[in-house]
2 protein chains.
Amino acid sequence: MATPDPHDVAAALLRTADQRYTRSRQALIEVLATADAPLTVDEIVDREQSLALSTAYRNLVVFEECGVVHRIVTSDEHARYELDEALTDRHHHHLVCSRCGVVLDFTVPDPLERELDRALEQVATSFGFDAEHHRLDLVGRCASCR
Amino acid sequence: MATPDPHDVAAALLRTADQRYTRSRQALIEVLATADAPLTVDEIVDREQSLALSTAYRNLVVFEECGVVHRIVTSDEHARYELDEALTDRHHHHLVCSRCGVVLDFTVPDPLERELDRALEQVATSFGFDAEHHRLDLVGRCASCR
DNA sequence: ATTTATGCAAATCGTTTGCAAACCT
DNA sequence: AGGTTTGCAAACGATTTGCATAAAT
């Protein structure tokens, strides 16, 4: 099973929600697909200057509703966005720098991840929660800020 | 070892940073200590009407700098605050409702927590990160919103 | 042709800040 | 007294939104 093309997956997810896969949206996905870490909206429009700020914001909302991207908020004043796992095939977690706000990806060993899933499932059940996903962040000083 | 008095710990932490433990600050700690979940600033000033909004915000910043409270941001538009573990003696994680934004506390079994710590330590090392703490959130629909 | 998306500029809203008065030690 | 903290109102800044135009089907 090869890694899917993010554009194909995005287009399909959008179509399901009766949404078009316009040029702006393609450009947005392209930027996120070629990024190596979650980006802020400013960073996104910097990399693709044809995108108006409001268009970026609006489409990111649509993307989130369709499960195409995830919005990540840390303590930083800027939210960050990344493609959903359906577009990247890579379950991961985040290192968050408490000083500069940068976010990096990491993974944990599969067995631990499964153990975590099991434990969280129990928690959800006992709280009457309908679990959607989990987040595991490691907060600290990044190499440049320590 | 008994659970410490949050006021004593807060006062001590503040003193270390040459900060006073004023009436406003005591009231703020009292509200957080009697809450059963992280609160937004609005919720805080609702419960203690003597607190001006700006005073609450300003003191929460001071508290955070002194390690007295933690600021929690989810996807919600309001940040939430809770006492640091030094004041509560209770390491826990958060259930976050993706609809209403409410945050609830939960714990995982000790062995899993320790395994997690070990794994995160390795991650931090490999990234040259100076780890401060970790966060584990379970995101979904709470019992009232599902 | 009709519906949906875009861009600009203005509005929103949580949070921050300037400044004079109140407070603490 | 002398430096801090507080409260009010004004400022800020990231995000959202109204509306007229452009794009997509």
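The basis for the numbers below is simple: all heavy atoms, side chains too, and nothing from hydrogens, waters or symmetry mates. Below, chain A is the first sequence line, B the second, and so on; all start at residue 1.
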| If you draw a 6.0 Å radius around CD in Gln122(B), do more than 12 non-hydrogen atoms from other residues or ligands fall strictly inside? | no
| task | Find the distance Glu48(B):CD to dG7(D):P and express it as a whole number of Å. | result | 11 Å
| Phe129(B) versus Leu138(A), closest heavy-atom pair with distance | CE2-O, 4.1 Å
| Would you say Glu132(A) has more than 12 foreign heavy atoms packed within less than 6.0 Å of its CD? | yes
| OP1 or OP2 of dT6(D) sitting under 4.0 Å from any side-chain N/O of Ser24(B)? | yes
| request: Measure from NE2 on His78(A) to C1' on dT15(C) and round the result to the nearest Å. | output: 14 Å
| message | dT4(C), OP1 or OP2 - any side-chain N/O from Thr22(A) closer than 4.0 Å? | response | no
| said: Regarding His93(A) and Glu113(A), do their side chains bring together a donor and an acceptor under 3.5 Å, going by distance alone? | reply: yes
| query | What is the distance from CD of Glu43(B) to P of dG14(C), rounded to the nearest Å? | reply | 13 Å
| Nucleotide of dT5(D), dT15(D), dA5(C) approaching Arg71(A) most closely (side-chain heavy atoms) | dT15(D)
| request: Answer yes or no: are there more than 12 heavy-atom neighbours, outside Glu85(B) itself, under 6.0 Å from its atom CD? | output: yes
| Does a side chain donor of either Glu43(B) or His78(B) reach within less than 3.5 Å of an acceptor in the other side chain? | no
| field | Between dA14(D) (C1') and Asp46(A) (CG): distance, integer Å | value | 15 Å
| note | Separation of dT5(D) atom C1' from Leu14(B) atom CG, nearest Å, is 13 Å
| request: Give a yes or no on whether the ring-centroid distance for His70(B) and His94(B) is below 6.0 angstrom. | output: no
| remark: What residues 49-66 of chain A contributes to the DNA chain C interface at heavy-atom separation below 4.0 Å is Ser50(A), Ala52(A), Ser54(A), Thr55(A), Arg58(A), Asn59(A)
| message | Is Arg23(B) close enough to dC24(C) that one of its side-chain N or O atoms is under 4.0 Å from OP1 or OP2 there? | response | yes
| field | Integer-rounded Å distance: dT6(D) C1' and Tyr21(B) OH | value | 17 Å
| Do the side chain of Arg20(A) and the base of dT3(C) come within less than 3.5 angstrom through a donor-acceptor pair of N or O atoms? | yes
| request: Using atom CG of Asp18(A) as one end and atom P of dA24(D) as the other, report the distance to the nearest whole Å. | output: 18 Å
| query | For Gln19(A) and dT3(C), what is the distance between atoms CD and P respectively, to the nearest whole Å? | reply | 16 Å
